[in-house]
Protein chains: 2
Amino acid sequence: MHKIDENLLLPLPLFSKLEKEQVRTILDQASRRRFETGSAVFHEGALAERFFLLLDGTIRVIKLTADGEQITSIHIPAGQLFGIGKALGRTTYPATAVAASEVLTLSWPTDVWDKFATKYTGFATETYKMVGDRLGELNTRVVDMSTQHVEQRIARALLRLIDQSGRQVEEGIEISFPITRKDVSEMTGTTLQTVSRLLSLWEKNGLVISKRKKIIICNPHQLNILGKM
Amino acid sequence: MHKIDENLLLPLPLFSKLEKEQVRTILDQASRRRFETGSAVFHEGALAERFFLLLDGTIRVIKLTADGEQITSIHIPAGQLFGIGKALGRTTYPATAVAASEVLTLSWPTDVWDKFATKYTGFATETYKMVGDRLGELNTRVVDMSTQHVEQRIARALLRLIDQSGRQVEEGIEISFPITRKDVSEMTGTTLQTVSRLLSLWEKNGLVISKRKKIIICNPHQLNILGKM
DNA sequence: CGGCAGTTTGATCCCGGTCAAAATATGTGG
DNA sequence: CCACATATTTTGACCGGGATCAAACTGCCG
């Protein structure tokens with residue numbers, strides 16, 4: 001196993017209040033692992049034996065319904081912790097985490113969480129801030145789902161994605177991991193047909209450009225207006 | 001201001017790991033206040049100067065949309081903390097808290113949260129467990145909203161309500177605070193007309209009995225089946 | 001008793017789901 | 001490098017759940 005350069009991690013909010021020395025100690029206890037696109041990092045209901053830090057790529061958090069449908073709860077961008085049920089008093093993972101692209105993770109045994117939280121200033125604080133953000137995001141999701149039409153939900157979902165994991169390209173801002181119509185429909189509670197129709201329409205109007213598994217937002221401003229109608 | 005009997009609070013999970021002495025100290029720093037049905041305890045966006053413990057009654061947490069619609073995020077039953085943005089790194093309240101019935105609260109200045117969290121074993125742990133539960137609830141809300149039909153969402157919402165704040169009465173289990181068709185529609189992302197139609201239908205079939213601002217579930221089992229179809 | 005808040009019921013309409021089928025990419029093995 | 005299998009996207013036709021509009025009804029409070 002390679003040693004990881006602690007300088008890469010120091011800029012992360014999670015470690016911002018720590019000494020280089022401390023980050024080194026934390027890293028030395030971590031396991032490093034790569035996941036291929038589509039593979040699961042952990043499964044809903046499984047014993048939460050480890051918690052993870054996403055070094056690179058994007059994690060898609062999904063839930064399965066009784067009848068086998070799957071819906072996307074959130075996407076996690078690089079730099080964030082996930083699978084931290086321990087921090088919230090859980091012993092099992094509340095959802096399944098899938099690699100939305102090639103993914104690089106660090107992970108630690110759940111047991112060390114308490115030690116980290118008490119020993120390292122800001123570690124718990126930053127984590128809970130992140131939890132707060134996710135709570136907020138879920139909250140707006142609920143509001144959206146109850147009040148917004150499909151067109152607006154999809155527009156907002158795309159904006160959220162480029163906000164979290166957008167990459168500037170020539171034609172606009174691209175979603176930095178492969179994403180299908182089906183994925184978008186699972187994020188917004190619709191069907192892939194509806195998503196396809198809308199993307200086609202938007203492409204005709206110059207709002208987006210979309211290829212297979214790829215979406216580029218050309219005109220975020222216009223999309224934002226659509227999302228608020 | 002009356003002294004509050006600490007024996008009332010000792011059974012709460014929040015205080016379960018504390019000495020009587022410590023609970024007394026915590027209580028002595030609290031302000032006690034009553035809110036009438038419909039009045040706001042705090043408003044979305046306002047500076048989070050205090051956090052609250054709900055002694056009696058039910059709190060309805062609502063969010064307002066851009067166009068003035070309001071949707072209900074969750075209900076908080078007696079015994080729980082709320083308005084604890086500080087624990088999640090927030091400085092403002094993320095939603096509005098309204099008294100769904102007559103309500104009795106204790107509250108403390110936000111500043112003392114850190115002290116409580118570090119000083120009193122289990123205080124932080126219990127709080128975060130609760131946050132975890134709310135995260136879970138919001139998560140299932142999102143799943144529900146994306147996959148369930150209106151009938152199922154309403155059935156589940158009612159079941160959740162009697163689960164959290166039900167009161168056994170002669171004909172079945174009653175929701176222990178006044179609740180209108182409109183309230184239910186705001187919880188489920190529908191319209192009061194649809195809720196009314198369904199409740200009428202269910203009443204005809206003996207599943208519920210509903211009066212003005214009052215709903216009694218006569219047959220939770222049957223409703224549970226409906227909610228899973 | 002008047003007025004308001006809450007509820008019921010009917011009629012109509014349309015968004016978006018469902019079913020179906022074809023078109024277009026991508027990958028794989030020979 | 002081609003042929004075939006599979007994954008993804010597109011487009012069309014149809015239909016139904018539930019929103020919307022409208023109006024009457026009921027219980028409650030001052």
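A note on names: the letters A, B, ... follow the listed sequences, proteins ahead of strands, and every chain is numbered from 1.
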Calculate, to the nearest 0.5 Å, the distance between atoms [atom1] and [atom2] belonging to [X] and [Y] respectively.
X      : Y      : atom1 : atom2 : result
B:T110 : B:E49  : OG1   : CD    : 7.0 Å
B:E44  : B:T92  : CD    : OG1   : 8.5 Å
A:I175 : A:I173 : CD1   : CD1   : 10.0 Å

Rounding to an integer number of Å, can you tell me how far A:L198 CG sits from D:dT10 C1'?
13 Å

Examine the side chains of A:R50 and A:S31 and answer whether a donor and an acceptor come within less than 3.5 Å of each other.
yes

Could you pull out the protein-nucleic contacts involving nucleotides 13-17 of chain D (nitrogen or oxygen on both sides, under 3.5 Å)?
unit_1: D:dA13; atom_1: N6; unit_2: A:R197; atom_2: NH2; d: 3.4

Report yes if the side chains of [X] and [Y] come closer than 4.5 Å at any heavy-atom pair, otherwise no.
X      : Y      : result
A:Q148 : A:R156 : yes
B:Q164 : B:E137 : yes
B:I217 : B:I215 : yes

Taking only side-chain N and O atoms of A:S196, does any of them lie within less than 4.0 angstrom of OP1 or OP2 on D:dT11?
no

Distance-only donor-acceptor hits, side chain of residues 59-76 of chain A, under 3.5 Å, sequence neighbours excluded:
unit_1: A:R60; atom_1: NH1; unit_2: A:H75; atom_2: NE2; d: 2.9
unit_1: A:R60; atom_1: NH2; unit_2: A:D183; atom_2: OD2; d: 3.4
unit_1: A:K63; atom_1: NZ; unit_2: A:P94; atom_2: O; d: 3.2
unit_1: A:T65; atom_1: OG1; unit_2: A:D67; atom_2: OD1; d: 3.1
unit_1: A:T65; atom_1: OG1; unit_2: A:E69; atom_2: N; d: 3.1
unit_1: A:T65; atom_1: OG1; unit_2: A:E69; atom_2: O; d: 3.2
unit_1: A:Q70; atom_1: NE2; unit_2: A:E186; atom_2: OE1; d: 3.4
unit_1: A:S73; atom_1: OG; unit_2: B:N139; atom_2: ND2; d: 3.0

Using the side-chain contact (heavy atoms from CB on, under 4.5 Å) rule, pick out the option among A:F51, A:F52, A:Y93 that qualifies with A:F82.
A:F52

Can you check side-chain contact (heavy atoms from CB on, under 4.5 Å) on B:E151 and B:L198, steps first, answer last?
CA-CA 7 Å; B:E151 182 178 39; B:L198 269 175; 4.0 Å; yes

Indicate yes or no for a side-chain donor-acceptor contact from A:S39 to the backbone of A:F35 under 3.5 Å, with no hydrogens or angles considered.
no

Just call it for B:L199: base, sugar-phosphate, or nothing, with non-hydrogen atoms closer than 4.0 Å on any strand.
nothing

Interface residues of residues 201-217 of chain A with DNA chain D (non-hydrogen, below 4.0 angstrom)
A:R212, A:K213

Using a strict heavy-atom distance below 4.0 Å, which residues from residues 175-188 of chain A are in contact with DNA chain D?
A:T180, A:R181

Quick one: do A:K129 and A:E126 satisfy side-chain contact (heavy atoms from CB on, under 4.5 Å)? Show the steps, please.
CA-CA 5 Å; A:K129 195 180 286 181; A:E126 285 301 324; 3.8 Å; yes

Take B:T96 and B:H43 through the side-chain contact (heavy atoms from CB on, under 4.5 Å) test and state the conclusion after the steps.
CA-CA 4 Å; B:T96 299; B:H43 288 276; 4.0 Å; yes

Between A:I154 and A:V150, is the side-chain contact (heavy atoms from CB on, under 4.5 Å) condition met? List the steps.
CA-CA 6 Å; A:I154 296 176; A:V150 170; 3.6 Å; yes

DNA chain C: 5'-most and 3'-most nucleotides touching chain B, 4.0 angstrom heavy-atom criterion:
C:dA5 to C:dA11

How bent is the helix from C:dC1-D:dG30 to C:dG30-D:dC1, measuring the angle between the end axes built from five pairs each, rounded to 10°?
40°

State which residue, out of A:K211, A:K213, A:K214, fulfils the salt bridge (Lys or Arg N to Asp or Glu O under 4.0 Å) condition with A:E174.
A:K214

